[in-house]
Amino acid sequence: MRIDIIAVIPELLEGPFSHSILKRANNKGLFEVVVHDLRKFGVGKHNKIDDYQFGGGAGMVMMIEPIEACINELKAERSYDEIIYMTPDGVTYDQGIANELSLKENIIILCGHYKGVDERVREHFITREISIGDFVLSGGELAAALIVDSIGRLLPGVLGDESSALLDSFQDDMLAPPIYTRPSEYKGWEVPPILLSGNDKAIDDWRNDEAYKRTKDRRPDLIDRHG
Ligand code: ADE
């Protein structure tokens, strides 16, 4: 899978993909993330990418020409399944969308900045608009990093243990059960004995019960969603 990110501040994306499991995935050829500096496609000798809002009002608007130029350059190389715009007024991101996106071949992510993009970009180029929550960031780069991370770890072979992504919180609209490691007793605080019993069936049942209890307690909305 390949993800191309169009950024106003590409430096913000240097860190997240040059460490961690995503770097390993990249080295193994499983997942390619390429960041593009929108300013390289800017207009005129100052490489302008934003301009004043028609009708007046504070804040600059990202112009359509540089964005189209960048998208066209990418599209000339390969076809894209989605062109996503990161914006606080998009659909709220969740594990379901992460799962869906992880099945795509090529994706472009456009990071918003300033007041946002000229509406014609949204109308004519964008296939999906995503928000990472009801708060406003100074730009879409960190939001893009977050969704790229969540997609990358779902790709087959990216996580060491193939099954571990399936057991994540939210994968079945359930939070994950409590987990423990050695020592089995620390300062008198004991690990639930069932986990040391070696009885796989009992352990599975315990995990399912605990996941349900935790979800009911912390996120009853997830359980209500399914009646
Ligand atoms: N850009 C600014 N705020 C954002 C948010 N909450 N989600 C996605 N992109 C954004």
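Treat the numbers as computed from the prediction; the structure is a model and nothing was measured. Whatever order the structure lists ligands and atoms in, that order sets their numbers, starting from 1. All values below were derived from every heavy atom in this structure, side-chain atoms included, with hydrogens, water molecules and symmetry-related copies excluded. Just so you know, residue 1 is the first one in the sequence shown, and it goes up from there.
- Near Ile130, meaning under 4.0 Å from one of its heavy atoms, ligand 1 places the atoms 8 (C).
- When heavy-atom distances to ligand 1 are checked against a 4.0 Å cut-off, Asp134 has no atom that comes that close, whether in backbone or side chain.
- Residue Asp134 qualifies as open at atom CG: its count of foreign heavy atoms under 6.0 Å is 12 or below.
- Ranking protein heavy atoms by distance to atom 4 (C) of ligand 1, first place goes to Pro88 CD, 3.6 Å.
- Between Gly133 and ligand 1, at least one N/O pair is under 3.5 Å apart.
- Of the N and O atoms on the side chains of Thr127 and Tyr85, not one donor lies less than 3.5 Å from an acceptor on the other residue.
- In terms of polar-atom proximity, defined here as any N/O pair under 3.5 Å, Phe135 does make such a contact with ligand 1.
- Residue-level proximity to ligand 1 for Ser131 is carried by backbone and side chain together, each with a heavy atom below 4.0 angstrom.
- Side-chain polar atoms of Tyr80 and Arg78 form a donor-acceptor pair below 3.5 angstrom.
- Counting the atoms of ligand 1 from 1 in the order shown, those under 4.0 Å from a heavy atom of Val136 are 3 (N).
- Salt bridge status for Arg2 with Glu77: absent, with no side-chain N to carboxylate O gap under 4.0 Å.
- Among the atoms of Ile132, some N or O lies under 3.5 angstrom from an N or O of ligand 1.
- Of all atoms in ligand 1, numbered sequentially from 1 with element shown, those under 4.0 Å from a heavy atom of Ala143 are 8 (C), 9 (N).
- Given atom 3 (N) of ligand 1, the protein heavy atom at minimum distance is Leu137 N, 3.0 Å.
- Between Lys213 and Asp209, no side-chain nitrogen of the basic residue sits less than 4.0 Å from a carboxylate oxygen of the acidic one, so the salt-bridge criterion is not met.
- A salt bridge does not link Lys75 to Asp4: none of the charged nitrogens lies less than 4.0 Å from a carboxylate oxygen.
- One finds a salt bridge joining Asp118 and Arg120 here, because a Lys/Arg side-chain nitrogen approaches an Asp/Glu carboxylate oxygen to under 4.0 Å.
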